[in-house]
There are 2 protein chains.
Amino acid sequence: MPGLQPHQLGTYFALIESVSLLQHAVEQQLRADGDLSDIQFSLLMRLFDANGQLTMTALADGVVYSRSGLTYQAGQLEKAGLITRSPDPTDERSTLVTITEAGHARIAKVLPGHIEVVRRLLIDPLPDRDVKSLGDIMSRVRDHMRTEPPRSAAPRKRRP
Amino acid sequence: MPGLQPHQLGTYFALIESVSLLQHAVEQQLRADGDLSDIQFSLLMRLFDANGQLTMTALADGVVYSRSGLTYQAGQLEKAGLITRSPDPTDERSTLVTITEAGHARIAKVLPGHIEVVRRLLIDPLPDRDVKSLGDIMSRVRDHMRTEPPRSAAPRKRRP
DNA sequence: TATTGTTATACTCTATAACTATA
DNA sequence: TATAGTTATAGAGTATAACAATA
């Protein structure tokens, strides 16, 4: 692989592979313990952290998908009784998404196992010094990505 | 979030979020430059690294999916002319997957942009010292995960 | 019996574009 | 005009189970 040095490439592959394994384990756990996809869990957690209520747009923010994808997931969560949707009195174009009691309960049900997986696979095998380094490094990477101009804001179109 | 200290949780979130952003950027690039999914690209790269030929089982190894999922992806790649499948003379149960000239060409077409994305988002924003630390840490995490007993080898069944 | 791979099928998820309604 | 959200629809991908053939 030209253009990157072996240790740079090694870093990339180790990162991608280990995160894939971690995500896979997390997905299994969430599905088994609470019948949730990782995305559904993220959405519930965002609501939880936001004290229970967000607009659709705010909820989607950062969980990169299309509007329609969020509508679909919100539909699933609503069907499962974990959220409700209601009009926003402030702005009648908006929809307020609210986490229900059952939604809270589902999080409570799933969280211990979730933490256990993350601890077992990521935290415990590393000395605390490395956990801190890793957090520090990846925070900088994340912040850099977030401030980067999207670059392919107008991605090349396949011929129509 | 009980059970994990703030810096441990922060590490987990920074890791997941930054890798998601990286993967998303990579997927865009692979699709735009070579009309490949990241999984298809991984499969081609595995063949490339293995000097062009692997059995289905060897090809799937590590790219965690079901047999049928691999059959599906191999079908897609074959339809696109990037691989061929032929019987394995050594073991007639096996199928040998071979990368074609077109497959090599596709990799060559896609790789520069791929490297550019990885460099821009992950490598360049970090001092080389951190690239090395990150590689070192994530290699240990990966190795640990790979040696771990699967734990949920027999995952809880939903009631039948 | 165990392993390799395929098929059929059903399901989840995603993306695009057209649409409604409000700011 | 721009923004918030939904719907229709089509396509990609995944998983399970049943299957055939070989070791």
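Residue numbers begin at 1 in each chain, while the letters A, B, ... track the order of the sequences.
With DNA chain C read from its 5' end, the first of the two nearest nucleotides for B:T95 and A:Q76 is the one closest to B:T95. The residue among A:T71 and A:R93 whose nearest nucleotide of DNA chain D lies closer to the 5′ end is A:R93.
Atom pair A:D35:CG and C:dT12:C1' shows a separation of 12 Å (rounding to whole Å applied). B:L30 has its CG atom 17 Å from the P atom of D:dA12, to the nearest Å. Atom-to-atom, OH of A:Y72 to C1' of C:dA15 comes out at 14 Å; the value is rounded to the nearest Å. One interatomic measurement links the two molecules: CZ of B:R31 to C1' of C:dT16, which rounds to 15 Å at whole-angstrom precision. Whole-Å rounding puts the B:D61 CG to C:dT3 P distance at 15 Å. Per the geometry, CG belonging to A:D88 stands 17 Å off P belonging to D:dT3, to the nearest Å. One can place CG of B:L77 at 15 Å from P of C:dG5, the figure rounded to the nearest angstrom. One interatomic measurement links the two molecules: CE of B:M56 to C1' of D:dA20, which rounds to 16 Å at whole-angstrom precision.
In summary, of the residues considered (A:T11, A:V131, A:L134), a side-chain contact (heavy atoms from CB on, under 4.5 Å) with B:I137 occurs for A:L134 alone.
Proximity of B:Q40 to the phosphate of D:dG13: a side-chain N or O atom is located under 4.0 Å from OP1 or OP2. A sub-4.0 Å separation between OP1 or OP2 of D:dG13 and a side-chain N or O of B:S37 is present. Distances shown here put a side-chain N or O of A:Q73 below 4.0 Å from the OP1 or OP2 atom of C:dT14. For the OP1/OP2 pair of C:dT6 and a distance below 4.0 Å, the side-chain nitrogens and oxygens of B:R67 include no atom meeting the criterion.
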*Could you please spell out the steps behind the side-chain contact (heavy atoms from CB on, under 4.5 Å) verdict for A:I99 and A:L44?*
CA-CA 7 Å; A:I99 190 168; A:L44 286 181; 4.1 Å; yes

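Using a 4.0 Å cut-off between charged nitrogen and carboxylate oxygen, B:D88 and B:R93 do not count as a salt-bridge pair.
A donor-acceptor contact under 3.5 Å links the side chain of B:S68 to the base of D:dT16.
If you check every strand for non-hydrogen atoms under 4.0 Å, B:I39 touches sugar and phosphate atoms only.
Side chains of B:Q40 and B:Q76: a donor-acceptor N/O pair is absent below 3.5 angstrom, by distance only. Inspection of the A:H114 and A:D33 side chains reveals no N or O donor paired with an N or O acceptor under 3.5 Å.
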